[in-house]
A.B. asks: 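The structure is given below, and queries will be raised subsequently.
Everything quoted here is computed from the prediction, not taken from an experiment. Chain identifiers are assigned alphabetically (A, B, ...) following the order of the sequence lines, protein sequences preceding nucleic acid strands; residue numbering begins at 1 within each chain.
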Amino acid sequence: MGALAMPESEKRLIRWHLYIAYIAIAVGIFFGLLQALSRAKLLPPMPWYDYYQGLTFHGVLNALVWTTFNIVALLTVAVRASLGRPLYSLALGWTGFGLMTVGVAAAGYAILTRQANVLYTFYPPLMAHPAFYLGATLLIVGSWVSGANLILTYVAWRRENPGQRTPLMAFGSIVVFVLWYIATLGVAIEVLFLLLPWSLGLVKQTNPMLARTLFWYFGHPLVYFWLLPAYVVWYTMVPRLAGGKLYSDPMARLAFLMLLIFSTPIGVHHQYTDPAIGQEWKLLHAFGTFLVTIPSLLTAFNLMASLEYAGRQRGGRGWIDWIFRLPWDEPAFAGATLSMIAFVFGGISGIVNASYNVNLVVHNTSWVPGHLHLTVGTAVTLTFMAMATWLVPYLTGRALWSRKVALANMYLWFIGVLIFAVGMMRGGLEGEPRRTNLGFSPYLLPEWMPFLIMAAVGGALMFIAGVLFLLNMAMTLWFSRQPARVEVPMAEALHTAADAPIAFERWRVWLAVAAVLIVISYTPVLTQVLQTSPFSAYGFLPSNPAPIR
Amino acid sequence: MVKDPFERTAIFGAGLLMTAFFVAIVIGAFGLGIRVPTCVTDIPPFDQPAVVEVAPGQYVVNVVAQMWLFNPREIRIPAGSTVTFNLTSKDVQHGFKILNTNVNMMAVPGVVNRAQARFDQPGEYLIVCHEYCGLGHHAMSAKVIVEPRTAEGPSLPTPRAMASALACWAR
């Protein structure tokens with residue numbers, strides 16, 4: 001595969017994705033810091049600062065832009081390297097990038113001019129400028145084009161290598177994009193048929209309940225679209241970075257396929273407290289959510305076994321010793337492994353959210369963003385940061401500017417998020433609402449203050465870690481002169497793909513199973529929503545209680 | 001298919017764990033009666049005053065959420081009452097969480113949500129809006145005031161008509 005090293009033309013495409021991702025997170029974490037401070041009463045009122053505008057930026061830029069551009073970049077490298085084959089089309093890659101970037105610019109314009117203070121879930125009937133919805137659409141359509149490029153690359157590889165097992169790295173990457181096509185169907189219908197015509201004034205009234213349900217059909221697999229690229233990294237790169245092997249390749253494939261079929265038909269677990277949907281269907285989606293937990297528990301087992309194998313290869317003995325033999329001073333390994341540890345807590349808190357009636361205690365409290373920052377905010381984000389420490393040198397041929405800064409970045413973010421998440425989650429158990437500028441709230445309870453301050457301290461540490469990351473990447477991209485020879489880390493497996501059932505390669509079967517499960521779980525839900533919810537809601541600007549008629 | 005005994009243990013262990021968790025929430029729902037909100041779109045007392053005693057110790061409260069207040073802002077009931085909350089929104093989506101209870105629901109315009117709680121401890125229970133609803137979101141709250149039971153029985157608040165607030169949703 002060394003002979004098929006990535007040409008400069010493809011590397012340039014990937015670098016541009018990273019530029020946009022880094023600009024996005026720079027702005028995103030700045031507003032994140034302000035929010036944490038403002039909630040804890042540590043920020044005076046400032047005329048230029050609007051909490052909910054910042055919150056919209058924070059959600060859109062970090063959760064949608066930083067993630068999507070990183071995912072396209074990292075998975076393009078992964079597919080290409082593991083298949084040892086050029087991309088299907090460079091032009092398609094640039095088309096996808098162009099559409100996504102124009103989309104970000106359009107949505108960014110609407111948010112910047114305060115015409116889209118609707119947060120990244122944009123629930124109607126709060127109404128944003130049409131450029132916001134158009135921008136979101138272009139971001140998604142662009143990611144479809146980039147995903148198609150990877151799928152076409154894979155299809156070409158299959159034709160050239162009949163009967164061969166797909167390398168796990170490509171297998172996981174393809175699952176990510178197949179899942180993305182299934183998921184974005186919901187939000188595409190919501191935006192194109194409900195929100196865009198409504199914000200343009202073509203129709204005056206919309207159906208908020210239907211929009212919510214379509215959004216969450218998309219919203220749950222969306223979190224797996226963020227998480228699965230981290231799984232690809234953890235399964236196929238981390239064991240190599242640790243100096244060992246993946247424990248079980250077939251089990252990893254089983255996990256990916258279970259995630260593919262179970263992560264969409266369960267979106268109603270975000271709507272346990274909604275009207276218009278019956279308890280029986282909420283409970284069915286709770287059951288589905290517990291099913292989708294199983295592949296994550298399998299992942300925990302498989303990854304821990306892989307790390308233990310690596311630790312023992314490095315001379316570790318006994319129950320504990322192997323942990324200390326792992327290369328904790330390597331930024332790529334340390335960052336990715338700290339992400340996994342954060343995800344242990346993220347996953348457990350997710351089971352709490354998924355647990356039907358237990359969710360009543362935490363729903364829409366600050367517990368939920370606490371959970372989100374452990375999962376997408378760390379398991380995913382810190383993994384991307386860790387991978388950037390080899391990916392950027394791989395793309396530029398220049399060595400990482402500073403390993404020490406990279407290590408400080410990884411450990412500081414991890415410590416920061418643990419403090420932040422405990423503050424947010426404890427506060428949530430005390431009833432702190434999420435998405436609320438509590439520092440300026442007349443009903444702020446004194447018992448919330450210690451937790452708000454904890455979250456501010458943790459958030460500030462995460463912000464500093466983020467600044468270290470951006471500094472390191474900027475210096476590596478533009479100032480590092482030391483040449484580097486870097487390869488994509490690709491792990492071998494202890495139990496190899498040869499043991500995996502051949503059915504794992506039959507994509508049509510898995511797509512059919514996914515479709516059947518979605519039809520079973522969503523037909524009754526959509527029927528109830530359509531029967532009970534009228535298309536009667538006029539739009540509202542976030543600043544004005546009078547409807548737009 | 002799975003040859004490795006550790007892998008097998010992991011797969012069955014994961015399945016067993018999640019089965020146990022699911023059984024626990026089902027027991028919570030049907031045994032202990034801790035239910036999530038359900039849909040009620042045609043509730044006869046919805047055109048009734050805000051706080052209605054439907055039976056001794058049984059109250060129904062019809063709440064309308066709007067930018068950026070709850071109507072009614074104060075719900076007074078005697079200790080030991082069981083209260084059913086019917087909730088809808090007059091404008092955008094809102095949230096409704098009563099602290100230190102299991103009442104937690106979304107207010108969505110056009111539809112009615114419903115939840116129930118029993119208030120045994122006298123005191124004030126803060127209600128917060130926990131869904132972003134615009135500029136004044138962080139100022140949106142209300143209260144349940146649970147009064148100690150007196151010998152003469154509970155004193156009821158002045159009822160407030162809500163028909164006007166709901167007229168916009170009449171189909």
Side-chain angles (χ1 to χ4, degrees), chain A residues 52 117 119 123 125-126 207-209 212 248 251 272-279 282-283 286-287 290-291 293-294 297-298 301-302 305 351 355-361 363-365 431 433-438 440-443 445 495 499 501 528 532-534 536-537 540 542-543 545 547, chain B residues 1-4 6-7 10-11 13-15 17-19 21-22 24-26 28-29 34-41 66-68 87-88 91-93 95 97 99-100 102-114 126 128-135 137-139 141 168-169 171:
Chain A
Y52 298 108
N117 282 11
L119 311 191
Y123 295 137
L126 277 181
N207 185 334
M209 200 54 228
R212 261 180 93 77
S248 171
M251 206 173 171
Y272 287 148
T273 63
D274 276 21
I277 301 171
Q279 288 169 331
K282 290 175 177 172
L283 196 60
F287 182 72
F290 282 9
L291 284 180
T293 306
I294 293 173
L297 292 171
L298 301 188
F301 162 80
N302 207 348
I351 295 177
S355 295
Y356 190 66
N357 31 26
V358 181
N359 171 66
L360 293 174
V361 179
H363 182 85
N364 265 7
T365 66
R434 73 183 288 197
R435 302 179 143 185
T436 305
N437 191 3
L438 282 176
F440 291 84
S441 176
Y443 60 75
L445 298 179
H495 301 159
D499 293 337
Q528 281 188 340
T532 55
S533 330
S536 61
F540 287 84
S543 54
Chain B
M1 169 192 152
V2 182
K3 292 181 208 148
D4 182 67
F6 293 114
E7 283 182 36
I11 294 171
L17 183 69
M18 295 321 294
T19 309
F21 282 180
F22 190 71
I25 63 170
V26 170
I34 308 168
R35 307 298 291 269
V36 301
T38 184
C39 58
V40 181
T41 48
Q66 62 189 83
M67 291 157 107
W68 296 285
L87 173 73
T88 191
D91 39 50
V92 300
Q93 301 188 24
K97 179 178 171 65
L99 268 59
N100 302 316
N102 282 333
V103 177
N104 188 337
M105 42 182 173
M106 306 305 298
V108 182
V111 265
V112 179
N113 212 346
R114 178 175 177 275
L126 180 64
V128 294
C129 171
H130 63 33
E131 184 55 78
Y132 169 66
C133 57
L135 197 66
H137 164 54
H138 49 273
S141 70
C168 54
W169 300 120
R171 271 185 279 168

A.B. asks: Rounded at 0.5 Å granularity, tell me how far CG in L438(A) sits from NE2 in H137(B).
C.D. replies: 8.0 Å
A.B. asks: For a quick test of reading the model, state the closest non-hydrogen atom pair linking F301(A) to A10(B) and the distance between them.
C.D. replies: CG-CB, 3.4 Å
A.B. asks: Do the non-hydrogen side-chain atoms of V92(B) and P125(A) ever get within less than 4.5 Å of each other?
C.D. replies: yes
A.B. asks: Could you report the tightest heavy-atom contact between N357(A) and G28(B), atom names first, then the distance?
C.D. replies: ND2-C, 3.4 Å
A.B. asks: From C133(B) SG over to Y123(A) OH, what is the distance, rounded to the nearest 0.5 angstrom?
C.D. replies: 13.0 Å
A.B. asks: Does some side-chain heavy atom of F22(B) sit less than 4.5 Å from a side-chain heavy atom of L283(A)?
C.D. replies: yes
A.B. asks: Checking heavy atoms, do the side chain of L291(A), its backbone, both or neither come under 4.5 Å from chain B?
C.D. replies: neither
A.B. asks: To the nearest 0.5 Å, what is the distance between CG (L297(A)) and CD1 (I11(B))?
C.D. replies: 11.5 Å
A.B. asks: Does atom CZ of F287(A) have more than 12 heavy-atom neighbours from other groups under 6.0 Å away?
C.D. replies: no
A.B. asks: Considering only heavy atoms, which portion of P547(A) lies under 4.5 Å from any heavy atom of chain B: side chain, backbone, both, or neither?
C.D. replies: neither
A.B. asks: Kindly say whether T273(A) contributes a backbone atom to a donor-acceptor pair with the side chain of N104(B) at under 3.5 angstrom?
C.D. replies: no
A.B. asks: How close do M106(B) and P275(A) get, heavy atom to heavy atom, and via which atoms?
C.D. replies: O-CD, 3.7 Å
A.B. asks: Heavy-atom distances under 4.5 Å only: say whether N302(A) touches chain B with side chain, backbone, both or neither.
C.D. replies: neither
A.B. asks: Check whether any side-chain N or O of S441(A) sits under 3.5 Å from a backbone N or O of H138(B) as a donor-acceptor pair, and report yes or no.
C.D. replies: yes
A.B. asks: Look at T19(B), V103(B), N102(B) and state which one has the largest set of heavy-atom pairs under 4.5 Å with chain A.
C.D. replies: N102(B)
A.B. asks: Heavy atoms only: give me the nearest P534(A)-G110(B) pair and the separation to one decimal.
C.D. replies: CD-O, 3.3 Å
A.B. asks: What pair of heavy atoms forms the shortest contact from L126(A) to G134(B), and how long is it?
C.D. replies: CD1-N, 4.3 Å
A.B. asks: Examine distances only and state if a side-chain atom of Y132(B) and a backbone atom of N117(A) form a donor-acceptor pair shorter than 3.5 Å.
C.D. replies: yes
A.B. asks: Is I25(B) in contact with chain A via its backbone, its side chain, both, or neither, using a 4.5 Å heavy-atom distance?
C.D. replies: both
A.B. asks: Taking the side chain as every heavy atom from C-beta outward, state whether L99(B) and L445(A) have any pair of such atoms under 4.5 Å apart.
C.D. replies: yes
A.B. asks: Among the options N359(A), V358(A), T293(A), pick out the one with the most heavy-atom pairs lying under 4.5 Å from chain B.
C.D. replies: T293(A)
A.B. asks: Distance check, rounded to the nearest 0.5 Å: T365(A) atom OG1 versus K97(B) atom NZ?
C.D. replies: 6.0 Å
A.B. asks: Within the side chain of H363(A), is there an N or O that forms a donor-acceptor pair under 3.5 Å with the backbone of H130(B)?
C.D. replies: no
A.B. asks: So, for S141(B) and Y443(A), which heavy atoms are closest and what is the spacing to 0.1 Å?
C.D. replies: CB-CD2, 3.3 Å
A.B. asks: Could you tell me which portion of I34(B) (side chain, backbone, both or neither) has an atom closer than 4.5 angstrom to a non-hydrogen atom of chain A?
C.D. replies: both
